[in-house]
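Bear in mind that the values here come from a model prediction, so they are computed numbers and not experimental data.
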Amino acid sequence: MPPATSFISPTPSLMMMITFISISLLLAAGETIPTTLDGPFKPLTRRFDSSLRRGSDDLPIDHPKLRKRNATSDFPEQIALALSTPTSMWVSWVTGEAVVGKDVKPLDTSSVASEVWYGKEKGNYLLKKKGNATVYSQLYPFDGLLNYTSGIIHHVLIDGLEPATKYYYKCGDSSVPAMSEEISFETLPLPSKDSYPHRIGFVGDLGLTSNTTTTIDHLMDNDPSLVVIVGDLTYANQYRTTGGKGASCFSCSFPDAPIRETYQPRWDAWGRFMEPLTSKVPTMVIEGNHEIEPQASGVTFKSYTERFAVPSSESGSNSNFYYSYDAGGVHFVMLGAYVDYNHTGAQYAWLKEDLSKVDRTVTPWLVATMHPPWYNSYSSHYQEFECMRQEMEELLYQHRVDMVFAGHVHAYERINRIYNYRLDPCGPVYITIGDGGNIEKVDVDFADDPDKCPSPRDNVPEIGGSCPLNFTSGPAKGKFCWDRQPDWSAFRESSFGHGILEVMNSTHALWTWHRNQDVFKDDSFGDQIYIVRQPSLCISPASLRDAGQRKGGIRRRI
């Protein structure tokens with residue numbers, strides 16, 4: 001593997017030399033890693049390995065990784081970090097006891113403080129910050145269904161942080177006293193074309209199965225400095241509240257239930273399970289369909305919005321469902337597929353404004369994430385979010401987004417550079433990474449397999465419209481599905497795993513997909529490619545238009 005980028009900001013010429021030496025060493029060793037410049041690639045499929053199981057059982061609620069670790073209810077648990085700005089970080093945790101029952105009473109958030117002590121030396125906390133706390137309830141006023149009220153969820157913003165620096169911290173309430181053990185994290189480098197996170201991990205559709213355990217252990221072994229989860233976190237809505245026994249198909253198991261309830265203690269279990277990672281590495285999330293969790297009153301996404309601190313206001317968004325942030329020289333936009341994404345909506349207006357502010361001389365790389373994929377050749381969720389693609393794709397293309405990551409489909413797929421279903425050297429590389437390990441099993445059927453093409457009525461999103469597309473040209477002309485692997489699908493495989501992105505410099509980034517079955521094999525992975533930007537060839541039309549307006553002496557709002 002090429003050496004990781006140092007947090008020390010080298011000169012551009014040095015970065016190019018490092019990349020050249022790294023690639024040369026790999027070639028000398030007989031290893032050839034393709035680049036996107038070698039594409040578009042001939043479609044390749046690696047079929048499901050029948051020696052593996054398609055799925056695994058959920059971890060029981062009393063599993064050691066899911067149990068509460070401290071008998072004192074005021075002791076912090078489910079500790080998590082999230083980026084706010086390049087010099088500030090959110091710290092979140094939970095205290096108190098969640099309650100499941102017919103009649104539940106929310107805890108008093110004023111009964112315990114929200115404090116973070118932090119500093120650059122072990123045991124020496126020169127800085128202290130206080131934050132706020134909240135609780136939420138998930139209510140089902142029907143006979144036989146149980147309600148839930150959460151523990152106290154704390155969010156504290158710590159600021160004035162130095163870039164590329166290790167910090168030590170404790171969180172909790174010092175007056176009880178009930179402070180966590182000391183934990184450490186490293187801040188990311190400041191936005192710059194010469195500075196990037198060491199490694200960025202991508203994972204989606206996690207849940208809490210044995211496969212999830214393998215995925216997260218493998219991800220932690222790969223030492224990421226930032227983690228991005230592309231939706232469908234806990235699969236709490238695959239559970240019933242009467243005992244917490246898993247049901248992979250709730251409506252099949254409980255056809256007479258008046259509402260699809262969710263077993264909220266799985267959220268607490270997931271927070272404990274993820275804490276060894278999230279308490280040390282900032283973890284950014286976006287909502288998926290399993291986070292909708294409708295209550296009887298029509299309230300949705302309550303767990304997601306209350307449990308996670310995200311930089312929405314920091315990025316000019318008025319919603320936790322879409323936001324942006326910088327990670328060194330990478331600008332991320334996190335898009336919401338289950339809220340309004342139409343041209344006339346608030347999210348579209350925000351995205352247009354956010355992209356117009358990106359300075360590619362400071363953050364050369366532009367990455368978008370969302371839960372459902374726009375390009376997908378599996379039968380599962382095939383063309384499900386075609387409406388969203390038609391509304392938003394042109395905006396991403398105009399601003400030359402480099403990569404788009406999604407989940408939803410429980411398998412892996414890498415797409416050739418594409419725009420509007422046509423191969424385009426300036427289009428993004430789309431990657432589906434929804435193979436974290438959930439109970440719904442890995443997807444193995446392709447839409448181009450005989451008798452596996454779904455009906456346009458089969459894949460309708462829980463929220464949003466349906467816009468099934470028949471292709472107007474090429475090998476699939478006049479059809480809903482292709483009869484072979486589409487030419488835009490570069491590589492696909494039905495396996496669980498996670499991905500690692502290593503940005504080398506302003507033009508080269510190494511993408512590696514790690515399969516769960518390779519966890520005990522050194523230097524083994526499922527897919528690897530250098531993603532190469534060509535800024536001189538792929539000049540942003542929006543930037544050209546903006547430059548023309550400035551040259552004319554008047555800068556108009558685009």
Over all heavy atoms of both residues, which pair between A337 and M388 is shortest? Give the atoms and the distance, please.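 Smallest heavy-atom distance, with atoms named: CB-SD, 3.7 Å.
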Can you see which heavy atom on S303 is nearest to which on Q138, and at what distance?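 The answer is OG-OE1, 4.2 Å.
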For F525, is the NZ or CZ atom of R515 found under 6.0 angstrom from the centre of its six-membered ring and inside 45 degrees of the ring axis?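 No cation-pi geometry.
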Value rounded to 0.5 Å, distance of [atom1] in [X] from [atom2] in [Y]:
X: S495; Y: H410; atom1: OG; atom2: NE2; answer: 14.5 Å
X: I463; Y: E287; atom1: CD1; atom2: CD; answer: 9.0 Å
X: H198; Y: I500; atom1: NE2; atom2: CD1; answer: 8.5 Å
X: D217; Y: T213; atom1: CG; atom2: OG1; answer: 6.5 Å

Do [X] and [Y] have their ring centres less than 6.0 Å from each other?
X: F385; Y: Y338; result: yes
X: Y375; Y: Y421; result: yes
X: Y430; Y: F405; result: no
X: F301; Y: F321; result: yes

Start with the C-alpha gap between E77 and K68, add the side-chain angles, then the distance that decides, and say whether salt bridge (Lys or Arg N to Asp or Glu O under 4.0 Å) holds. CA-CA 8 Å; E77 63 164 9; K68 199 175 180 73; 3.4 Å; yes
Can you classify the ring geometry of Y325 versus F332 as parallel (below 30°), tilted (30 to 60°) or perpendicular (above 60°)?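 Rings of Y325 and F332: parallel, under 30°.
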Can D268 and Y148 be said to form a side-chain hydrogen bond (donor to acceptor under 3.5 Å, both in side chains), step by step? CA-CA 12 Å; D268 296 305; Y148 169 92; 2.8 Å; yes
Enumerate the side chain to side chain donor-acceptor pair (under 3.5 Å) contacts for residues 365-374, please, sequence neighbours excluded, ordered by first and then second residue.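 Non-adjacent pairs meeting side chain to side chain donor-acceptor pair (under 3.5 Å): D232-H371, N289-H371, H371-H408.
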